[in-house]
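Encoded as structure tokens, the structure appears first; notes follow it.
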Amino acid sequence: MSEETWAAVEKYVDGLLIPSDPVLEAAVAASEAAGLPDIAVTSSQGKLLYLLARLQRARRILEVGTLGGYSTIWLARALPEDGSVVTIESEKQHCEVARVNVERADLSALVEFREGKALDVLPELAAEGLEPFDLVFIDADKENTEAYFRWALRLSRVGAAILVDNVIRQGKVAEPETDDAPVEGMRRFFEMLAAEPRVTATTIQTVGRKGYDGFTLAMVVG
Ligand code: SAH
Ligand code: DHB
Ligand code: MG
């Protein structure tokens with residue numbers, strides 16, 4: 001089975017289940033025009049984020065890795081009027097593109113942008129003593145995923161969902177002898193997860209237009 005088939009199936013099912021959406025298409029176009037990398041979640045993954053946030057009845061969402069705000073828009077659309085997404089991004093230019101995209105989506109009132117390195121911003125959030133998060137989406141530099149997950153755990157309520165993107169890396173995660181830093185980061189993450197009694201988790205491999213990867217869904221249980 002080929003990548004061509006994955007892309008064709010994605011086009012077929014998304015064409016039926018995910019109506020074309022001028023605001024999201026504009027966000028993709030503006031991100032591309034600004035030269036941002038083409039690594040946002042796909043529309044089917046974005047819709048999964050949206051559905052999980054709704055199933056969770058999430059009011060407080062944390063995102064690590066904003067890029068152009070594509071996933072931020074999907075998440076913010078799942079929120080009630082008094083909800084919020086706090087989204088962390090270290091690249092000033094990405095933040096600027098994301099602000100415009102979120103404004104165009106008429107979601108600025110629900111999104112709080114935190115510009116800075118996540119390992120600097122996350123301790124600030126903890127010090128601010130905010131209400132705990134109901135859902136966290138971790139999608140930044142893969143090397144620090146374990147640390148981001150630990151912060152997510154600290155900042156979440158029992159019952160919260162923590163999603164981690166790009167955990168499979170074309171299957172390289174199962175190769176012990178890797179010298180790929182992002183893959184090593186994901187292996188450290190999985191080893192931590194396996195030993196962490198406060199969460200229960202599963203990992204789903206995905207294929208599609210953007211190749212072969214996967215995500216982990218964890219639930220905070222204690
Ligand atoms: N969630 C986005 C994609 C994020 S891509 C979407 O699906 O639409 C990963 C982002 O993480 C990039 O914009 C990158 O600049 C950012 N990033 C990388 N290292 C970071 C760090 N240390 N702190 C915060 N953001 C970081
Ligand atoms: C990369 C990062 C992502 O968040 C993603 O979804 C795909 C690829 C990357 O850094 O290669
Ligand atoms: Mg990603």
Side-chain angles (χ1 to χ4, degrees), residues 3 10 21 23-32 34-50 52-53 61-78 85-102 104-105 107 111-125 135-152 162-173 178 180-186 189 203-217:
E3 298 219 9
E10 184 171 323
D21 187 318
V23 161
L24 287 169
E25 282 156 22
V28 171
S31 301
E32 193 190 338
L36 269 50
D38 181 22
I39 56 174
V41 293
T42 60
S43 46
S44 46
Q45 291 162 352
K47 189 152 183 191
L48 177 65
L49 294 174
Y50 164 85
L52 287 169
I61 297 175
L62 173 65
E63 177 176 65
V64 186
T66 315
L67 191 63
Y70 182 83
S71 53
T72 317
I73 291 171
W74 276 109
L75 289 166
R77 282 178 169 176
V85 183
V86 176
T87 185
I88 306 174
E89 171 58 55
S90 58
E91 292 291 324
K92 186 163 192 277
Q93 192 220 0
H94 296 184
C95 256
E96 282 165 7
V97 172
R99 279 179 205 275
V100 173
N101 285 336
V102 166
R104 192 190 297 106
L107 292 165
V111 179
E112 189 183 326
F113 293 93
R114 293 290 186 115
E115 192 183 316
K117 288 199 183 296
L119 286 178
D120 298 330
V121 176
L122 289 162
E124 287 168 19
L125 295 178
L135 185 147
V136 182
F137 179 44
I138 298 175
D139 190 22
D141 53 316
K142 310 309 166 191
E143 292 84 339
N144 286 313
T145 299
E146 179 192 352
Y148 299 155
F149 191 92
R150 288 187 188 284
W151 280 108
I162 306 177
L163 276 138
V164 182
D165 198 21
N166 311 118
V167 300
I168 300 297
R169 314 294 300 190
Q170 301 164 295
K172 290 186 211 136
V173 75
T178 176
D180 179 317
V183 174
E184 284 175 353
M186 286 310 175
F189 160 65
T203 293
I204 298 296
Q205 302 179 60
T206 57
V207 295
R209 180 168 55 83
K210 291 194 171 170
Y212 170 39
D213 211 323
F215 63 89
T216 293
L217 173 61

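Throughout, numbering of the chain's residues begins at 1 and tracks the sequence. Start at 1 and go down the list; that is how both ligands and their atoms are numbered.
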- Side-chain contact, heavy-atom cut-off 4.5 Å: V167 with V173? no

| message | Tell me whether N144 has any N or O atom under 3.5 angstrom from an N or O of ligand 1. | response | no

Rounded to the nearest 0.5 Å, the CG atom of L122 sits from the CG atom of L62 at a distance of 6.5 Å

Looking only at non-hydrogen atoms, the one of S71, G68, S90 nearest atom 17 (N) of ligand 1 is S90

The atoms of ligand 1 lying under 4.0 Å from a heavy atom of Y148, numbered in the order shown, are 21 (C), 22 (N)

N/O separation below 3.5 Å, I39 to ligand 2:
yes

**Item:** G69, any N or O under 3.5 Å of ligand 1 N or O
**Value:** no

Ligand 1 atoms nearer than 4.0 angstrom to some heavy atom of L67 are 2 (C), 3 (C), 4 (C), 5 (S), 13 (O)

Practice prompt. Look only at interatomic distance and state if E91 has a nitrogen or oxygen under 3.5 Å from any nitrogen or oxygen of ligand 1.
Written response: no

Is the closest heavy atom of G116 to ligand 1 under 4.0 Å? yes

Between K142 and the options D139, N144, T145, the side-chain hydrogen bond (donor to acceptor under 3.5 Å, both in side chains) test singles out D139

Ranked by distance from atom 18 (C) of ligand 1, the top protein heavy atom is D141 N, 3.8 Å

message: Considering both backbone and side-chain atoms of G65, is one of its nitrogen or oxygen atoms within less than 3.5 Å of a nitrogen or oxygen in ligand 1?
response: yes

Note: I162 and A152 closest approach over all heavy atoms is CD1-CB, 3.9 Å

Looking at D213, N166, D141, the heavy atom closest to atom 7 (C) of ligand 2 belongs to N166

Quiz item: Okay, side chain of E10, backbone of R209: is any donor-acceptor separation there less than 3.5 Å?
Solution: yes

Here the N/O/S atom of D139 closest to the Mg ion (ligand 3) would be OD1

Ranked by distance from atom 11 (O) of ligand 2, the top protein heavy atom is R169 NH2, 3.6 Å

Under 4.0 Å between heavy atoms, the region of T66 that gets near ligand 1 turns out to be backbone

Any N/O/S atom from N166 (main chain or side chain) under 2.8 Å of the Mg ion (ligand 3)?
yes

| message | Does any N or O of ligand 1 fall below 3.5 Å from an N or O anywhere on D139, backbone included? | response | yes

Discussion item. Donor-acceptor check, side chain of D213 to backbone of I168, threshold 3.5 angstrom: yes or no?
Written reply: yes

Practice problem: Flag the pair I39 / L67 as yes when at least one side-chain heavy-atom distance between them is below 4.5 Å, and no otherwise. | Solution: yes

Numbered in order shown, the ligand 2 atoms found under 4.0 Å of a heavy atom of D165 are 6 (O)

I'd like to know whether ligand 2 has K210 as a neighbour, heavy-atom separation below 4.0 Å. no

**Request:** Keeping the roles fixed (side chain from Q45, backbone from S71), state whether a donor-acceptor pair exists under 3.5 Å.
**Result:** no

* Asked: When you check the gap from the basic side-chain N to the acidic O, do D21 and K47 get nearer than 4.0 Å?
  -> no

among protein heavy atoms, the one nearest atom 4 (O) of ligand 2 is D139 OD1, 2.7 Å

T66 and A98 have their tightest heavy-atom pair at CG2-CB, 3.7 Å

Q) Any N or O of A118 that comes nearer than 3.5 Å to an N or O of ligand 1? A) yes

Within 4.0 Å of some non-hydrogen atom of H94, the atoms of ligand 1 are 12 (C), 13 (O), 15 (O)

Nearest heavy atom to atom 5 (S) of ligand 1, choosing from V28, I39, V97, belongs to I39

Q. Can you tell me if Q45 has a non-hydrogen atom under 4.0 Å from ligand 2?
A. no

shortest atom 12 (C) of ligand 1-to-protein heavy-atom contact is with E89 OE1, 3.5 Å

Any heavy atom of W74 under 4.0 Å from ligand 1? The part involved is neither

The Mg ion (ligand 3) -> D165, closest N, O or S atom is OD2

Between V41 and the options L48, N166, D165, the side chain to side chain contact (heavy atoms under 4.5 Å, CB included) test singles out D165

Tested for side-chain hydrogen bond (donor to acceptor under 3.5 Å, both in side chains) against Y212, the lone hit among R169, Q205, K172 is Q205

Here the gap from T216 atom OG1 to L163 atom CG, rounded to the nearest 0.5 Å, amounts to 8.5 Å

Nearest heavy-atom contact between I61 and A53 is CD1-CB, 4.0 Å

- Say whether, by atom type as modelled, one donor and one acceptor occur between the side chain of S90 and the main chain of G116 under 3.5 angstrom. no

